[in-house]
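Note sheet for the following structure.
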There are 2 protein chains.
Amino acid sequence: MRYDAEVNRARIIAVARHALAQDPNLTLKPIAELAGVGPGTVYRHFPSREHLLLTLYTGEVEALLDTASLLVRHEPREALRRWLEQLAAHGRTGSAASQAVRAALQSHGPHSARVRGALDELLAACRKAEQLRTDVTSGEVLVLMSYVWNTCGEPVGDRVLNIVMDGLCRDPRL
Amino acid sequence: MRYDAEVNRARIIAVARHALAQDPNLTLKPIAELAGVGPGTVYRHFPSREHLLLTLYTGEVEALLDTASLLVRHEPREALRRWLEQLAAHGRTGSAASQAVRAALQSHGPHSARVRGALDELLAACRKAEQLRTDVTSGEVLVLMSYVWNTCGEPVGDRVLNIVMDGLCRDPRL
DNA sequence: ACCTGAACACCGTTCAAGT
DNA sequence: ACCTGAACACCGTTCAAGT
């Protein structure tokens, strides 16, 4: 890659991170202007707003992959609940990072597959401990969690998560 | 209202109903053009796309208010499930009518309050029959149902609704 | 060869000009 | 007095023109 392009890309990323922290819904045009480049330059480096967000907030998506540390510290059911709470906490913020996580999960790409894999580990652990209904998949759990992207109220979110957890664990034996 | 305005309003509604049936995501500009009026004319009659949709599809929202006929034909729990299935069926279509129902429910306006009231009747019936957890509100149920606006797959939707129903009915006694 | 940004085709919204 | 639509300020995207 040419040197000037490298510089521009780095500048766009730095400026975007700073600007999006203040206004999560800022569009690419103003970001380009703040970075001192034309809109086409941003578009070349990042084909869409979603690509830029995923580049900026890879770490937040990666954090969802670490199920191992949850499983060593908690029993399976509690580990699952804490993972889902982590997801809900993201949704509540409405931040650009939250938008990135949402995009990663819903766009059926490699990110989504990896997160589903992580959740599968949690579900498998719960199933092994007989703390989970037997007929549920990670994809269905993520669909069920869609609500976290819409609403913000924390008390409501907690109560809804209780319902989700009870639905997931529903089983004659439990 | 002046006669020409009345004519224009009727024409906009007729054209919009026809055009939105073919492309649910059609915007107000093309609708105005198809109706042979300027965009400001549409904007005057309908302050936003949402207002137009709610005017066109009032019937679909009203249909959600008829809980009485569900309750006379089914036991409370089954009535609740059918009502939620009706909601999910709307979401699956992605039609303009579905967008209207979504807007009505989520915009915290009078429509939303009336639908919550209808759902409250179902929940009260279930509670009276001891077929429902005691700590859930209609607002929380609607939050939980957010997923219906995102995903489309019917089999997944059915399985997720099972989880929701089990979560809602979770109770030591049941 | 690769990057750039003026230009294009849209969007929602407004308000001066009409009747 | 009320309705109208050209005009405005945006958006995402492209591709001829630069280096």
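On a predicted model such as this, the values are computed, not experimentally measured, just so you know. Residue numbers begin at 1 in each chain, while the letters A, B, ... track the order of the sequences.
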Taking atom P in both C:dG18 and D:dC8, compute the distance separating them and give it to the nearest angstrom. 16 Å

Is the shortest side-chain N to carboxylate O distance from A:Arg114 to A:Glu62 below 4.0 Å? yes

Whole-Å distance between C:dG12 C1' and B:His51 NE2?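 My rounded result for the distance is 15 Å.
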
Between A:Arg102 and A:Ser98, do the side chains contain an N or O donor and an N or O acceptor separated by less than 3.5 Å?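 Checked: A:Arg102/A:Ser98 side chains show no N/O donor-acceptor pair below 3.5 Å.
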
Quick one about B:Thr41 and B:Asn8 (side-chain donor to acceptor, distance below 3.5 Å, no hydrogens or angles considered), yes or no? no

List the atom pairs, with distances to 0.1 Å, where a side-chain N or O of residues 14-35 of chain A and a protein N or O form a donor-acceptor pair under 3.5 Å, not counting sequence neighbours.
from, atom 1, to, atom 2, distance (Å)
A:Arg17, NH1, A:Leu56, O, 2.9
A:Asp23, OD1, A:Asn25, N, 3.0
A:Asn25, OD1, A:Gln99, NE2, 3.0

A correct 5'-to-3' footprint of nucleotides 4-11 of chain C, with B, S and - meaning base, sugar-phosphate only and no protein heavy atom under 4.0 Å, is BBB----B

Gap separating the CZ atom of B:Arg81 from the CG atom of B:Leu161, nearest 0.5 angstrom: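 So the CZ of B:Arg81 and the CG of B:Leu161 are separated by 4.5 Å.
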
Side chains of B:Trp149 and B:Gln106 in contact at under 4.5 Å (non-hydrogen atoms):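 In contact.
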
Please tell me if the side chains of A:Ile13 and A:His45 come closer than 4.5 Å, counting only heavy atoms from C-beta onward.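 No, every pair of side-chain atoms sits at 4.5 Å or beyond.
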
Dot-bracket for DNA chain D, please. Rules: Watson-Crick or G-U, both distances under 3.5 Å, ( ) within the strand, [ ] when a pair crosses earlier ones, | for another strand, . otherwise. ||.|||||...|||||.||

Same apolar cluster (I L V M F W Y, side chains within < 4.5 Å links), A:Leu105/B:Val148: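 Result: yes, single cluster for both.
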
With respect to the phosphate group of D:dT14, does any side-chain polar atom (N or O) of A:Tyr43 fall under 4.0 Å of OP1 or OP2?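 So the side chain of A:Tyr43 is within the cut-off, an N or O lying under 4.0 Å from OP1 or OP2 of D:dT14.
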
